[in-house]
A.B. asks: 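Could you have a look at this structure, given as structure tokens, before my questions?
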Amino acid sequence: MATTTVTTTNGDAPPAPQASAGAKWDGTSMTQTDMMEKDTVLVLDDDDNVIGSESKRGSHEFSAAAPRGVLHRAFSVFLFDESTGELLLQQRASSKITFPNVWTNTCCSHPLHGMDPPEVDGPEEVKNGTTPGVKNAAIRKLDHELGIPAGQVPAEKFKFLTRLHYWAADTVTHGKKSPWGEHEIDYVLFHVVPSKSSLTVKPHPDEVDDVAWVSKSRLLEMMADPNLLFSPWFRLIAQRWLLPEGGWWDDLKRTMETDECCDYGTIARFDPPEEHMGGGGDAGPYLEDKGSSGETIKVEVEGDATKKQGAYGKIKTHKESKLTQLARLDEVWSAVSLLYVTPLKSNLESDHVKSKYNADDLAFCDEILCKVSRSFAAVIRQLPPTLLVDVLIFYLVLRALDTVEDDMTAFESNEIKIGHLLNFHKTALADPDWSMDGVGEGDERRLLQNFPKCHSVYAALDEKSRRVVADITQRMAAGMAEFVGKDLGQGTADVPQYNRYCHFVAGLVGEGLSRLFAASGLESPSLAKELHLSDQMGLFLQKTNIIRDYLEDYVDGRAFWPQSVWKKYSPSGDLGYFANQSDEEAKRMSLRCLNELVTDALELAPDCLSYLSKLRCAEVFRFCAIPQVMAIATLDKCYDNPDVFTGVVKIRKGLSCRLILDTNDFAGVHSTFYAFAGSIAAKARKAERAGAEGAQDPGLERTIKACEAVRELTEDEAGRRGAARTAR
């Protein structure tokens with residue numbers, strides 16, 4: 001795909017160290033059977049949202065259990081010679097397992113999970129017509145099937161036109177009970193080259209038996225020949241859009257240079273002709289009620305992926321109804337109180353802050369903080385003036401670093417990205433004029449573009465604070481670089497690697513904060529040495545986020561659930577198995593896996609409470625405690641909740657406000673932990689009773705034990721808090 005131009009104001013990108021970029025897909029070393037077993041396609045719902053993944057074999061098998069296989073994403077490339085107007089066709093190889101020997105468009109295949117560059121597109125990429133993922137896949141397969149080098153078909157020259165949803169059993173090849181077929185939402189891509197003489201075409205014999213450049217009239221003759229077979233998807237596209245008078249082929253200039261032929265908001269849906277019905281599951285008409293035979297259905301696109309990086313905004317957010325939320329009067333009052341009665345006080349206007357830092361630069365830092373993390377902004381602002389800006393800048397520096405690490409498309413190679421990461425402390429923190437463009441999305445991109453304003457404030461920090469920020473930034477970048485080259489499409493390898501990743505991106509943050517607290521004089525110098533407890537605080541928050549963000553991370557191609565855990569519950573050996581919540585066994589096993597990971601995170605809670613007990617400054621305590629109580633509330637929300645596998649699960653805003661108001665002292669925190677640990681334990685005991693006569697989840701005992709450990713630590717303070725409330 002076309003990479004975003006990455007520029008820095010201090011010249012060339014920093015040199016990249018020698019590092020492997022991860023295993024590359026190599027079709028030349030794979031048989032047709034290998035690709036069936038190892039290639040992992042993107043499983044979709046009817047609205048083209050990625051909801052999981054499946055092996056190529058599993059998605060194309062037509063059986064009684066899956067009469068039309070599994071709906072997945074595909075693409076169809078039509079490559080034209082501009083000088084003659086001819087279209088390049090291929091005849092699929094006789095060795096192909098599905099639809100062998102048929103003539104079809106230039107290249108048709110599937111975007112895959114776990115590719116580098118990534119091949120997963122979300123609703124926003126479809127809505128704006130960029131679809132970099134399917135274009136990456138198209139370039140990969142044009143090279144593999146036809147030997148066309150990537151440089152001869154640059155991504156920016158592809159034109160995405162529309163999508164079609166179809167299915168077809170391969171009954172022509174394998175008979176009426178064919179075990180194979182296609183069920184796809186197909187992305188149609190056009191590409192025009194100046195002349196076929198400028199194109200290298202060397203077909204792979206296991207993929208392609210023949211190729212032909214054809215005019216429109218010649219194609220009509222071929223399609224009329226009863227001795228020639230054509231793929232069902234090609235016939236649909238040709239008859240609907242390509243061949244009609246005034247269609248896409250008649251005026252390639254208009255098709256390629258305007259948006260008159262583009263339709264990104266609808267999906268055309270087609271049942272196959274009679275000859276392609278049947279198969280191993282005796283499938284009949286299916287899409288009639290969804291808009292078949294050329295009708296189109298409007299696809300509602302949720303979210304706004306332009307505002308955040310990664311899969312944020314591409315995935316459904318599960319929310320309780322407004323009526324349900326308003327019925328919780330205590331939470332409504334908490335929200336009103338936090339907004340108008342007892343809001344968290346901001347110390348940004350203090351004399352100390354105003355006299356020490358450039359007003360305009362600090363104003364930008366405050367404004368961008370609210371944009372990139374509204375939840376953290378309020379708790380940072382309430383910190384004492386001598387600490388507030390140090391933490392604010394620490395957070396923004398790490399957020400900028402994280403933006404570089406998160407961007408999966410801006411850098412031409414992993415080595416280049418690694419170079420930027422490892423040199424970040426030397427460039428961003430050493431050069432007052434350094435900035436970066438073309439990386440990140442929305443406000444994260446703006447943060448990097450305007451980084452000199454952050455550097456201005458950073459440079460005015462006390463030397464002790466600057467040393468902490470620079471040290472943690474360097475170490476975090478090294479950890480991020482370690483994981484850049486790893487294929488995380490199916491998660492981390494095991495729990496130690498899972499913990500190591502969380503340490504780098506969150507545990508180090510905990511250490512840095514402890515050192516800043518101690519350096520400010522607001523906390524004991526000994527707090528800087530509490531490395532284990534600081535690390536556990538970060539891990540508790542990060543693991544909670546990873547658990548909650550299962551589907552977002554999976555769709556984004558960078559997942560973190562440890563394989564040593566989830567593979568115990570996924571018979572397919574694929575992380576996307578859990579997203580198929582319509583399958584009762586998949587649902588049951590997904591919840592067991594989820595609950596084990598929630599328990600793993602919950603076992604960190606005692607150390608988090610121990611850390612909080614060492615804090616003596618009320619504002620620092622509140623700053624540290626609020627995210628912790630939000631985390632245990634989120635774990636309670638996620639536990640045994642199938643919604644985790646179909647969208648984003650979040651606690652109610654009113655509950656968040658109540659938790660903030662209750663987090664003023666140790667008793668309030670203990671009361672919150674006590675309550676949510678009790679709620680999780682109650683769910684586990686309910687599941688234990690339900691499984692008494694059936695298959696028992698062996699992890700329930702561990703969950704209950706972890707909850708009891710938290711409740712034993714917190715019951716005294718929680719009891720005193722409850723007694724005090726009763727007395728009032």
A.B. asks: Could you pull out the closest heavy-atom pair between Leu362 and Leu348, with the gap in Å?
C.D. replies: CD2-CD2, 4.1 Å
A.B. asks: Between the side chains of Tyr611 and Asp535, is a donor N or O closer than 3.5 angstrom to an acceptor N or O?
C.D. replies: no
A.B. asks: Side chains of Gln542 and His503: any donor to acceptor distance under 3.5 Å?
C.D. replies: no
A.B. asks: Looking at Leu594 and Ile547, what are the two nearest heavy atoms and their distance?
C.D. replies: CD1-CG2, 3.5 Å
A.B. asks: Which heavy atom of Arg163 sits nearest a heavy atom of Thr266, and at what distance?
C.D. replies: NH2-O, 3.9 Å
A.B. asks: Flag the pair Asp443 and Arg399 as a salt bridge only when some basic side-chain nitrogen lies within less than 4.0 angstrom of an acidic carboxylate oxygen.
C.D. replies: no
A.B. asks: Parallel, tilted or perpendicular for Tyr501 and Phe483, by the 30°/60° rule?
C.D. replies: perpendicular
A.B. asks: Check this for me, if you would: do Arg73 and Glu119 make a salt bridge, where the nitrogen-to-carboxylate-oxygen distance has to be below 4.0 angstrom?
C.D. replies: no
A.B. asks: Assess whether a salt bridge exists between Asp462 and Lys356, defined as any Lys/Arg side-chain N lying under 4.0 Å from an Asp/Glu carboxylate O.
C.D. replies: yes
A.B. asks: Determine, for Asp407 against Lys417, whether the closest basic-nitrogen to carboxylate-oxygen distance falls under 4.0 angstrom.
C.D. replies: no
A.B. asks: Would the distance check show the side chain of Ser514 and the main-chain N or O of Gly510 forming a donor-acceptor pair, the cut-off being under 3.5 Å?
C.D. replies: yes
A.B. asks: For the backbone of Pro132 and the side chain of Thr130, can you confirm whether one donor and one acceptor N or O come within less than 3.5 Å of each other?
C.D. replies: no
A.B. asks: Does any N or O in the side chain of Asn664 come within less than 3.5 Å of the main-chain N or O of Leu661, such that one atom is a donor and the other an acceptor?
C.D. replies: yes
A.B. asks: Return the minimal non-hydrogen interatomic distance between Leu551 and Ala579, and the atom names on each side.
C.D. replies: CD1-CB, 4.4 Å
A.B. asks: So, Glu444 and Lys371, do they make that salt bridge, N to O below 4.0 Å?
C.D. replies: no
A.B. asks: Between Arg558 and Glu552, is there a salt bridge with N-O shorter than 4.0 Å?
C.D. replies: no
